[in-house]
> 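Structure in structure tokens, see below.
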Amino acid sequence: MRINCPCCGERSLDEFVYYGDADLRRPDPQDEEAGAKFIAYVYERTNPSGFHRELWYHGLGCRTWIVAERDTRTHEIYATCRAVDGGAPEGAAADRERS
Amino acid sequence: MSERDASKEASQSFRVPGMGSIDTTRTITFTFDGRIYEGHPGDTLASALLANGVRLVGRSFKYHRPRGILSAGSEEPNALVELRTGNRREPNTKATTVELYDGLEASSQNRWPSLAFDVLSINQLAGSVLSAGFYYKTFMWPAAFWEKLYEPVIRRAAGLGRAASEADPDSYDKVTAHCDVLVIGGGPAGLAAALSAASAGARVIIADENPELGGRCLAEKRTIDEMPSAVWAKHAQEKLRSTNEVRVLTRTTVFGVYDGRTYGALERVSDHLPVPPQHQPRQRLWRIIAKRVVLASGATERPMVFGENDRPGVMLAGAVRTYINRFGVVPGRHAAVFANNDDAITTIADIQRAGAEVVAYVDSRKELSPAVLAVLSEAGVDAILGGHVESTTGTRHITGATVRTADGEIRNLPCDLIAMSGGWNPNLQLATHLNARPHWNETIAAFVPSALPPGMAVAGAANGLLTLAEALASGAQLGIEAAHEAGRPAVEARSYSTTPEASSIAPLWRVPETKGKAFVDFQHDVTTDDVVLAHREGFAAVEHLKRYTTLGMGTDQGKTSNVNALAIMAALTESTIPAVGTTTARPPYTPVAIGALGGAHRGRDFKPERLPPSYKWAREQGAVFTQAGLWLRPQYFPRPGERDWQETVFREVDTTRNAVGICDVSTLGKIDVQGRDAIKFLESIYINNWGSLAVGRARYGVMLREDGMVLDDGTTARLGEHHFLMTTTTGNAAKVLQHLEFCRQCLWPDLDVQLAPVTDQWAQFSMAGPKSRDLLRKIVDSEFDISDAAFPYMAAGEVAICGGLKARLFRLSFSGERAYEIAVPSRYGDALIRRLMTATEEFDGTAYGTEAMGVMRIEKGHLGAAEMNGTTTAYDLGLGRMMSDRKDFIGRTLGSRSGLMDPDRPRLVGLRPINPKHKISAGAHLLPQKAHRTAANDEGHVTSAAFSPILGHTIALGLLKRGPERVGEIVGVCDPVRGRDILAKVVSPEFFDPSGEKLRG
Amino acid sequence: MTTNDRYSIFSILRQAWRGNTGWKPVWRDVAPKPAYDVVIVGGGGHGLATAYYLASQYGRRRIAVVEKGWIGSGNVGRNTTIIRSNYLLPGNVPFYELSMKLWEGLEQDINYNAMVSQRGVLNLYHSDAQRDAYARRGNAMRLHGVDAELLDAAKVRRLVPFLDFENARFPIRGGLLQRRGGTVRHDAVAWGYARAADRLGVDIIQNCEVIGIRVDGGRAMGLDTSRGYIGARQIGVSVAGSSSRVAAMAGLRLPIESHVLQAFVSEAVKPFVGGVVTFGAGHFYISQSDKGGLVFGGDIDGYNSYAQRGNLPVMEDVCEGGMALMPRLGRVRMLRQWGGLVDMSMDGSPIIDRTPVEGLYLNAGWCYGGFKATPAAGLCFAHLLSCDEPHDVARGYRLDRFATGHAIDEKGMGPYPNLH
Amino acid sequence: MVDQLITLPAFPAPSIERADQVRIVARENVQIVGITARERETESLVLAFRAVYGLDLPMKPARVEKDGLAVVWAGWHQWLLMSDVAAVPDLEQIMRADFGGYAAVVDHSDARAIVAVSGRRARDLLAKGVSIDLHPRVFTTGDAAATAISHVGMHIWQTDEKPTFELAVPRTYADSLWRWMERASAEYQNSDSLL
């Protein structure tokens, strides 16, 4: 697999560290539901067969956290962007292939 | 003729003068099973053996039947040998792919006592007992006999060749290559594709498993552009080699297709030589990243399935032509040709041209096209149309063929060669590595690629285009397209002229009536009966068939057997071949040496070594080193006269506690943290408070994972208003940096925080012990006041040492002694450790390593990796008090889950043996004093232990159920794997100077 | 079962005499009935074992196993065939030891030779810290009555002289040995359980893919499949890497990610590796099959995947480990590489539990350790389905353990499935 | 008297020569300073830097140089500034003084060790340990990248068309990587290398 780092360009897999689902948002610890929400945040996964938005860390490169949109059946990567940009790749393939 | 004649043949008597394209002017010698033979450069071991009339080459896996040479390529299931000897021995090597070199040594395998007489060949008499999967049905009683009797016997018979019993002496290499167009296969289609792509100026890599490009061009008598095809191929190869941006990789097999248009290829750099040249690898692994790929891997001929079709002398027709046309070797003197397709017809002329007799042409088809009939009559051979070869005679190689004619008449044809052709299977394995399913093409009666990996196109025979003309045209066109799609300008595809050829086929999957075993998979001895049995027992799904009969599981990966077996199963289930299914190919296309996949990373170079700044000096001191991750750290510094490591460590600890000890702590992770929001950031990362930390001070901090478990600990110093230096444990440096970057980029992107790893920047030495300040005084420039008033415990600041060298000074203590850590730019580390050691002489100080450090940290009850093991909370480790309740921090919410607040959880305690002579070891479990030694009474374990020279007995840290409440209690320390079971007293984890007077001074 | 279809050397000789024409299908090819008491989703080792124990141990009838492809097409046919019970935590050891005991009597129990071969499992250590961790593990095993021996370098050398003891980057200092560990012929486990279950009347339905779970009022009623609707009083889901997909049909989100684990086999060579050896300083473990193939593997590829195929970097990483540990492997050729779809749980330990949907039960989260667990997982899942309470040795495998803070984290890696 | 403290070179040898094929030279005594723009200060930093040094901080992986000061892109809004010790005595101090307000300034002079790889086989040698494409059509003088060599993270940039590549590797790995380069370049002793 080759991942297109928004800063460095396309790089081979072994420069990256995988983290997982990029759509999880850390809950507000003040929320009275915080306990349950943190459990869902840390432990529950959609684990889809198909379109997946996921976090990668370019550890052996520029140390940027990246959101990649990838098909877990084919490993095709549709788009990537820096995680600080809220994880919404420009021209996001988000709607494409969501089926 | 009699089968014994072979052994009487004079040297190379099957070589045909004037034929073939190899250099017969030079003669080289080689040995097979100890006997010396002659061959020529350019031969394969197989062609050389055939030239010398050697037909019996190996024995089959299960029945140990005599086997010869079936093919002329990497699909060979039978002719497997042990190549080379000693630590270079290569088992299961295909004689058909081994390039002959002078002095080559090969021997047959999987036979005893000899190839000609193999005791285990009696297995074939028990053929119907050793039917597919028989072993699942027996060897069960009594149970104990499996390991004791049955399995040892089976394992003695198992395997083919023998692996070398010593380390591989050769080296391996890996390369990453990028290109616009990768052409896989150097046959006509591949050559045309590469020429096209090159003409468009593309960066081209063309790879072929043979030593020369050309493929079937070298094996057939054909013409391209009025040139003999072999000559055309030679020109094409020269053209490519002389074109910029074209890399020709011969002896290179593309074995796998991976995601991201990445292709794995193996180059056999030196396998054609006795040993690799100096500084050259034996083989080289290529990772090729290609924008576009043209797959031109050709096709593999199918055997015919008839009785005793495995005897030496039964060969694929295409292989016979290869041996004649390329190597000038005729594999027999009296040949029968048995086929179901037009392509095989050309075999007749080739055999005749080689001066051998074609005793008959047997075709399972009743009607042939006029053109083909014309060829037959011109050749003047006895053509048996609508007939079958039912069986063969002979033992160690064939002496005749039993043929049934269309009208049922049985004829026995004496012959020493049967050239058979069941049609051709496109080599589409690489097209299916990414899970694509091929589809069935009725016209050529074979599977062809359908969906393809991104960026791949398939040319020529690999795509079912079996004629030379189609191969050249499709290759030329796809090469152009590939180059264009890769961003090169569009150019015109040139066309090639060839002589016409016929190519129709009427599939025959198995001969209707046969005598004797009819083999489908030669190497694993899978016969038609086995396929029938698998069907009968319900193993009709293709994967069931393979797994139950082991069909296609051999070193040939079923290249010659899979489709025949599928077809036979389809007939049995009365369904179509595609309905039965296809077997998805997995990498590698052909087997790859494990050494090549490992590459250069072996022995000492398995992983890079990370060296601390004092490494060179420590080596000179004769320090013993230990691995800490990739780091090599001094474990202890033995001195002359010291009996064992223990004595050394006692001395290091004792000296440190009573005078001063010096230790390289540069391996601790260091992260520079800056920014207006740095404090806020640290507050969210650490469980304790940071707002109150003054500039010029350091503080111990603990960070958790989001699930509430302790991630790491260390001190962080405030160097400026918005500038901090964080230290991590040696092992967690990278992990913590990743965690901080995650928090900064993914959780709180708006914070103004900048992170920089600076571990390598600083050589940092700890000076611990009552004399540490005196020692420090000797190197710190006089203008800096390091009195306790000016530089108290946990102070941090910049100083200058040795006359103006800027350094960072921290007053931290891991040992519990008055201690300082001095940090200088790494390049000065070596000089500084030498300076310190000289300066320390007057205090009789010492250097100490990780062992002594471990002892002292346990004496102080400080935490190590064994305590912060990923399953312990701050509460568990006695850090609950540190947790601020006035802020949120990573891990706070989930850290308070009921299960983690359970008072019954094991928590940190100290342990000391009741009997001071007793030893406690880490890993021992803790149970109530008198409790029965079972899991039910297990209450925790010892995490760290060491002998304390100061206290004169072993001390240990442990995690004990309700530990802190049980101080004073006596518990059992149970260590069955070390055969120990003693009693220990539960104490506070701080064994030494609990009040901390010494470290504050 | 009647004597004439009982397997033995005599049945083989008798059949051989008749040209092997008398063998019957190992399991019947049946079409689904409208309804069953219990439907097990997933015709892998776990599902088939569950069906067998439901019928043989708990006297259940009207049982079906539905499989989307052919039985044994999942991880039971795509693993490195290792069995062991060398676990650390109290939540795991008794379970895997029960599994080991079931392996030890399996072939006589199901009358099928799965070649259970206890040639030993050796985990190497390369540092004092690793030694102590293995001592802790070995002691935990011994306290549970499981065999475990802590070996020093000399003993290891005697046991496995073919390793590189001299110039290794991480010298071998010793190992933790479980002699009762070993290997089993993986496909045979699926076939053997299928045959035994079939003999007890279990319907094994292949090419029957579940496309929906009908839930009514919080209760599971049945399954929509590619072969029509199948009613079920109880549904047991045992589909490894597909767990999240099937659970989603009932509206459930699981603490599971699906990952790829690669395995490799070499060309067959004359046996020289006795038992199973695990490298402690790299991602590599190896054993040798009775056919002579060296079976080896390493770490998971490390990202969510349903592709059932491995990548090149991991293959290289595994072979680097192999060459570091056994440099004599250099000229042995890797023959095949395959990928299994593993259900990585958030703590690396499995789940055998009810679900919030009444009548729907889950057996999942086996990570890369599901094969060795096959008999016990089948028995415990059958127990849960029949007694509606967990089997004693599987009490820890609850779905809610993450919420309550009772994760069973052998490696201490935390809630990061790709690190377990 | 700092000179009393002898500095230890990062690499075990000054150079490796492989016939006319590859030349590997250790570049000791280079000052390296890392600067990372503070949040929302990048623009000011770039302007200030241009004002002082007449150089534009590259916004993509690249290297620019002027009057002995080299700037290499090192990540998102991060750069490595380099100059010879001889030329500028304390680069870090100067940078902090000039740009401390806009950027975090960190001394990396001893964290990285720089080695120059040049010669006609330089690309072939690097291809054994570096997975990015260094072909002149893709990577040329002035280009830079943050990547890895032989599993170790590093920065690489091209300085001329010989070609010459410079690699900034972690100092504590310098010894190990040097050994790797000695082994990987050995084959170029015989000019008729098969690669």
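In the text below, chain A, chain B and the rest are named by the order of the sequence lines, each starting its count at 1.
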> Just verifying a value: how many Å separate C:Asn20 CG and B:Asp530 CG, rounded to the nearest 0.5 Å?
8.5 Å

> Below 4.5 Å from any heavy atom of chain B, which atoms of C:Gln206 appear? Answer side chain, backbone, both or neither.
side chain

> Quick one: CH2 on C:Trp70 to CD on B:Glu543, what's the gap to the nearest 0.5 Å?
4.5 Å

> Using a cut-off of 6.0 Å, state whether more than 12 heavy atoms not belonging to B:Asp902 lie near its atom CG.
yes

> Hey, what do you get for SG (C:Cys319) to CZ (B:Arg602), rounding to the nearest 0.5 Å?
12.5 Å

> Can you tell which part of C:Ala403 gets under 4.5 Å to a heavy atom of chain B, answering side chain, backbone, both or neither?
backbone

> Does the pair C:Met334 and B:Phe255 meet the rule for a side chain to side chain contact (heavy atoms under 4.5 Å, CB included), with working shown?
CA-CA 11 Å; C:Met334 196 261 280; B:Phe255 62 78; over 6 Å; no

> Ring-plane angle category for B:Tyr136 and C:Tyr112, please: parallel below 30°, perpendicular beyond 60°, tilted otherwise.
parallel

> Where does C:Asp317 contact chain B at under 4.5 Å (heavy atoms): side chain, backbone, both or neither?
side chain

> Do side-chain atoms of C:Arg331 reach the backbone of B:Arg89 as a donor and acceptor pair under 3.5 angstrom?
no

> With respect to chain C, which residue among B:Arg287, B:Met709, B:His535 yields the maximal number of heavy-atom pairs within a distance under 4.5 Å?
B:Arg287

> Without swapping roles, check the side chain of B:Gln557 against the backbone of C:Leu335 for a donor-acceptor pair under 3.5 Å.
yes

> Under a 4.5 Å heavy-atom cut-off, does chain B meet the side chain of C:Met141, its backbone, both or neither?
neither

> Quick check against the 3.5 Å criterion: does C:Arg169 have a side-chain atom that pairs as donor or acceptor with the backbone of B:Leu630?
yes

> Side chain, backbone, both or neither: which part of C:Val116 has an atom under 4.5 Å from a heavy atom of chain B?
backbone

> Looking at B:Thr138, is its backbone amide N or carbonyl O close enough to the side chain of C:Asn113 to form a donor-acceptor pair, meaning the two atoms are under 3.5 Å apart?
yes

> May I ask you to check whether B:Thr93 and C:Arg333 show a side-chain donor-acceptor distance below 3.5 Å?
yes

> As an exercise: rank C:His406, C:Gln118, C:Arg137, C:Arg401 by heavy-atom pairs under 4.5 Å with chain B and give me the winner.
C:Gln118

> Please determine, among C:Ile12, C:Leu150, C:Ile9, the option with the most heavy-atom pairs under 4.5 Å with chain B.
C:Ile12

> Under 4.5 Å from any heavy atom of chain C, what part of B:Met553 do you find: side chain, backbone, both or neither?
both

> Would you mind checking if C:Arg142 and B:Asp975 are paired as a salt bridge, meaning a charged N to carboxylate O distance below 4.0 Å?
no

> With a 4.5 Å cut-off on heavy-atom pairs, point out which of C:Asp164, C:Ile71, C:Val318 contacts chain B the most.
C:Ile71

> Would you mind checking which part of C:Phe272 comes under 4.5 Å of any heavy atom in chain B, side chain (CB onward), backbone (N, CA, C, O), both or neither?
side chain

> Out of C:Asn139, C:Asp409, C:Leu143, return the one with the most heavy atom pairs under 4.5 angstrom to chain B.
C:Asn139

> Please rank C:Pro94, C:Ala133, C:Ala324 by heavy-atom pairs under 4.5 Å with chain B and give me the top one.
C:Ala324

> For B:Glu609, is it the side chain, the backbone, both or neither that has a heavy atom under 4.5 Å from a heavy atom of chain C?
both

> Would a distance-only check, ignoring hydrogens and angles, find a side-chain to backbone donor-acceptor pair under 3.5 Å from C:Arg131 to B:Ala922?
no

> Could you state the interatomic distance from CZ (B:Phe606) to CG (C:Leu325), rounded to the nearest 0.5 Å?
9.0 Å

> Which atoms of B:Phe61 come close to chain C, meaning under 4.5 Å heavy atom to heavy atom: side chain ones, backbone ones, both, or neither?
side chain

> Does B:Tyr258 offer a backbone N or O that forms a donor-acceptor pair with the side chain of C:Asn311 under 3.5 Å?
no

> List the residues meeting salt bridge (charged side-chain N to carboxylate O under 4.0 Å, His left out) with C:Glu320, not counting sequence neighbours, and say none if there are none.
B:Lys174

> Is C:Asn207 in contact with chain B via its backbone, its side chain, both, or neither, using a 4.5 Å heavy-atom distance?
neither

> Contact part of B:Leu130 toward chain C, heavy-atom cut-off under 4.5 Å: side chain, backbone, both or neither?
neither

> Applying side chain to side chain contact (heavy atoms under 4.5 Å, CB included) to B:Ile594 and C:Phe264, what does each step give before you reach the verdict?
CA-CA 10 Å; B:Ile594 292 169; C:Phe264 312 87; over 6 Å; no

> Examine whether an atom of C:Arg28 lies under 4.5 Å from a heavy atom of chain B, and if so say whether it belongs to the side chain, the backbone or both; otherwise answer neither.
neither

> Between NZ of B:Lys137 and CD of C:Gln15, what distance do you get to the nearest 0.5 Å?
7.5 Å

> For a side chain to side chain contact (heavy atoms under 4.5 Å, CB included) check, start with the C-alpha distance between B:His941 and C:Leu88, then their side-chain angles and the critical distance, and finish with the verdict.
CA-CA 11 Å; B:His941 75 283; C:Leu88 170 69; over 6 Å; no

> So which of C:Lys291, C:Glu107, C:His126 has the biggest tally of heavy-atom pairs under 4.5 Å with chain B?
C:Lys291

> Mind running side chain to side chain contact (heavy atoms under 4.5 Å, CB included) on C:Arg309 and B:Arg586 for me, showing each step along the way?
CA-CA 8 Å; C:Arg309 57 180 154 79; B:Arg586 294 288 176 209; 3.9 Å; yes

> Mark yes or no for whether B:Asn869, through its side chain, and C:Gly412, through its backbone, hold a donor-acceptor pair below 3.5 Å.
no

> So which part of C:Trp191 gets closer than 4.5 Å to some heavy atom of chain B, the side chain, the backbone, both or neither?
side chain

